[in-house]
Amino acid sequence: MENAMRIVDVREITQPISSPIRNAYIDFTKMTTSLVAVVTDVVRDGRPVVGYGFNSNGRYGQGGLIRERFAPRLLEADPKSLLNEAGDNIDPDKAWAAMMANEKPGGHGERSVAVGTLDMAIWDAVAKIAEKPLFRLLAERHGREANPRVFVYAAGGYYYPGKDDDALRAEMRSYLDRGYNVVKMKIGGAPLTDDRRRIEAVLAEIGSQAQLAVDANGRFDLETAIAYAKALRDYPLFWYEEAGDPLDFALQSALAEFYPGPMATGENLFSHQDARNLLRYGGMRPDRDWLQFDCALSYGLCEYTRTLEALRVAGWGWDRCIPHGGHQMSLNIAAGLGLGGNESYPDLFQPYGGFPDSVRVENGHVTMPELPGIGFEGKADLISVMRDLAS
Ligand SMILES: O=C([O-])CC(=O)C(=O)O
Ligand SMILES: [Mg+2]
């Protein structure tokens, strides 16, 4: 091949995904995301292949880092050095290594978000060049059978100005009406007595039709985390999420003694080394607890593959992972590599979150359509903002 296929442009735009909601730690009035387009010179169906990516909510857009360091490294790399052995596609791990040249280890900060966003776009492009859905490409690469049917749960239940228990109940009811059978609400942004009342209102609403997960967003010190554990363990909860600071493994471990039910955490651990430390020191139990590492915030799928390897070494099944973020990237990883499911925000962070337009939630599961790449082309409102960026 005389001319290697190449990445010809990398574009970024920082977009608002703001709303007046709040969790126990932050409000989302100024929340943004980076949308990126990785433009290649490969032509499929008469058009250049463009891969798209964005970062999950909770961390802000990363335009500065993407424009100053990570996009230039991709564009300055010798195009041949980014190709797979057959020379017929980009090798995502080589692209990842090019982006991470001259970056020291540790202190992952927010560069993991910048790289995760670009990594999503690179994998989207790679699967489109291969003319396959990403979940099928991943299953093939790992010698596994893909399972297009993926568990999803509805995340919401935020604190919101003027929102009373009736509104919270109505929100949860609407998720059940849309086919979900696990719903999630925020706790820790109000005193325990108020949260108890909110939880009991939701449990009364959902009855035996669904299960409830609760999320404290890392707000509690050990004493408060334990006080909540003692209150929460009386309820049949799906999980108790991010009780304390995400990097306080001693707190998480101590909490396990007071909370026999399932715990969940990991959305704010941004590297396989941090994830491995959680498994080593966080007292998480592979028979019942859940891991929520989100590739879009933590250096992307190339790094997530290393995280999954750390799980395997620590004796954890990949089906204990239900990633944070509600994006189609993790949906593909779930379907391709056998994760336990994926988060979904039925009413929030649009147009980024959610599923292709043809997809319905049934009995708490979705079935992946057979779209090349991650599947963004199947979601009309999303692909329209993406194409605006690329054109
Ligand atoms: O409110 C947030 O930051 C999002 C979150 O924790 C989740 O989806 O689990
Ligand atoms: Mg959370």
Side-chain angles (χ1 to χ4, degrees), residues 16-33 54-61 110 112-113 116 151-161 163 168 171-172 175 180 182-190 195 198-199 202 211-220 225 228 232 237-248 251-252 255 262-270 274-275 278 282 284 289-298 320-331 334 339-350 352-354:
I17 46 167
S18 53
S19 66
I21 59 173
R22 116 185 130 73
N23 63 34
Y25 227 104
I26 61 167
D27 69 51
F28 287 74
T29 52
K30 299 267 164 50
M31 186 53 61
T32 58
T33 186
F54 52 86
N55 63 274
S56 307
N57 72 82
R59 300 284 154 166
Y60 295 85
E110 300 213 333
S112 67
V113 181
F151 165 73
V152 290
Y153 72 94
Y158 281 81
Y159 300 97
Y160 188 103
K163 184 173 188 175
L168 181 60
E171 179 192 344
M172 296 298 159
Y175 299 147
Y180 293 93
V182 174
V183 296
K184 186 165 96 182
M185 64 183 277
K186 298 300 176 182
I187 59 168
D195 276 340
R198 293 170 64 249
I199 289 169
V202 170
Q211 273 191 289
L212 174 64
V214 298
D215 185 358
N217 286 95
R219 178 81 273 181
F220 300 148
Y228 267 78
L232 296 176
L237 296 180
F238 193 74
W239 70 48
Y240 174 17
E241 175 175 336
E242 243 194 352
D245 186 90
L247 289 165
D248 190 342
L251 181 155
Q252 189 69 45
L255 190 61
M263 306 186 299
T265 193
E267 70 178 67
N268 289 301
L269 299 184
F270 290 168
D274 285 346
L278 175 70
M284 298 287 281
D289 292 331
W290 299 98
L291 304 171
Q292 301 174 296
F293 318 120
D294 174 355
C295 66
L297 300 178
S298 55
R320 302 313 299 173
C321 295
I322 301 185
H324 164 271
H327 46 78
Q328 291 182 66
M329 180 71 180
S330 286
L331 212 54
L339 308 187
N342 196 30
E343 183 168 21
S344 127
Y345 304 98
D347 295 330
L348 297 168
F349 312 123
Q350 290 304 320
Y352 297 94

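In each ligand, atom 1 is the first atom listed, and ligand 1 is the first ligand listed. All values below were derived from every heavy atom in this structure, side-chain atoms included, with hydrogens, water molecules and symmetry-related copies excluded. All residue numbers refer to positions in the sequence shown, counting from 1. All values reported here derive from a predicted model rather than from experimental measurement.
For the Mg ion (ligand 2), the nearby protein N/O/S atoms, meaning those under 2.8 Å, are D215 OD2, E241 OE2, E267 OE1.
Of all non-hydrogen atoms in M263 and D289, the two that sit nearest each other are N-OD1, 2.6 Å.
Among Q292, M31, K184, the residue whose heavy atom lies closest to atom 9 (O) of ligand 1 is K184.
Closest protein heavy atom to atom 6 (O) of ligand 1: N217 ND2, 2.8 Å. Remark: minimum distance from atom 3 (O) of ligand 1 to any protein heavy atom is reached at N23 ND2, 3.1 Å. Of the protein's non-hydrogen atoms, Y158 OH, 3.4 Å is the one closest to atom 4 (C) of ligand 1. Summary of contacts: the protein heavy atom closest to atom 5 (C) of ligand 1 is K186 NZ, 3.2 Å.
The closest donor-acceptor contact from the side chain of T32 to the backbone of G61 lies under 3.5 Å. A side-chain donor-acceptor contact under 3.5 Å links R219 to the backbone of A24. A donor-acceptor pair under 3.5 Å is absent between the side-chain atoms of E242 and the main chain of T265, judged by distance alone. A donor-acceptor pair under 3.5 Å links the side-chain atoms of Y240 to the main chain of A225, judged by distance alone. Within the 3.5 Å criterion, the main-chain N or O of K30 finds no donor-acceptor partner in the side chain of S18.
Taking every heavy atom of E267 and a limit of under 4.0 angstrom, the matching atoms of ligand 1 come to 5 (C), 6 (O), 7 (C), 9 (O). With ligand atoms numbered from 1 in the order given, ligand 1 contributes 4 (C), 5 (C), 7 (C), 8 (O), 9 (O) to contacts under 4.0 Å with heavy atoms of H324. Atoms of ligand 1 found under 4.0 Å from any heavy atom of Y345, numbered from 1 in the order shown, are 4 (C), 7 (C), 8 (O).
At a heavy-atom distance under 4.0 Å, no atom of I26 approaches ligand 1. Looking at Y25 against ligand 1, nothing comes within 4.0 Å, counting heavy atoms.
Between the side chains of Y158 and S19, not a single donor N or O lies within less than 3.5 Å of an accepting N or O. Looking at D294 and H327, their side chains do bring a donor and an acceptor atom within 3.5 Å of each other.
For ligand 1, none of its N or O atoms has an N or O atom of E242 under 3.5 Å away.
When side chains are defined from C-beta on, F349 counts as touching I21, because their heavy atoms get closer than 4.5 Å.
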- Message: Could you walk me through whether Y153 and W290 satisfy the ring pair (Phe, Tyr, Trp, His ring centres under 6.0 Å) test, starting with their C-alpha distance in whole Å, then the side-chain angles of each, then the deciding distance to 0.1 Å, before giving a yes or no?
- Response: CA-CA 13 Å; Y153 72 94; W290 299 98; 9.4 Å; no
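Within the structure, ligand 1 has F28 among the residues with a heavy atom less than 4.0 angstrom away.
The only member of E267, E110, R59 that meets side-chain contact (heavy atoms from CB on, under 4.5 Å) when paired with L297 is R59.
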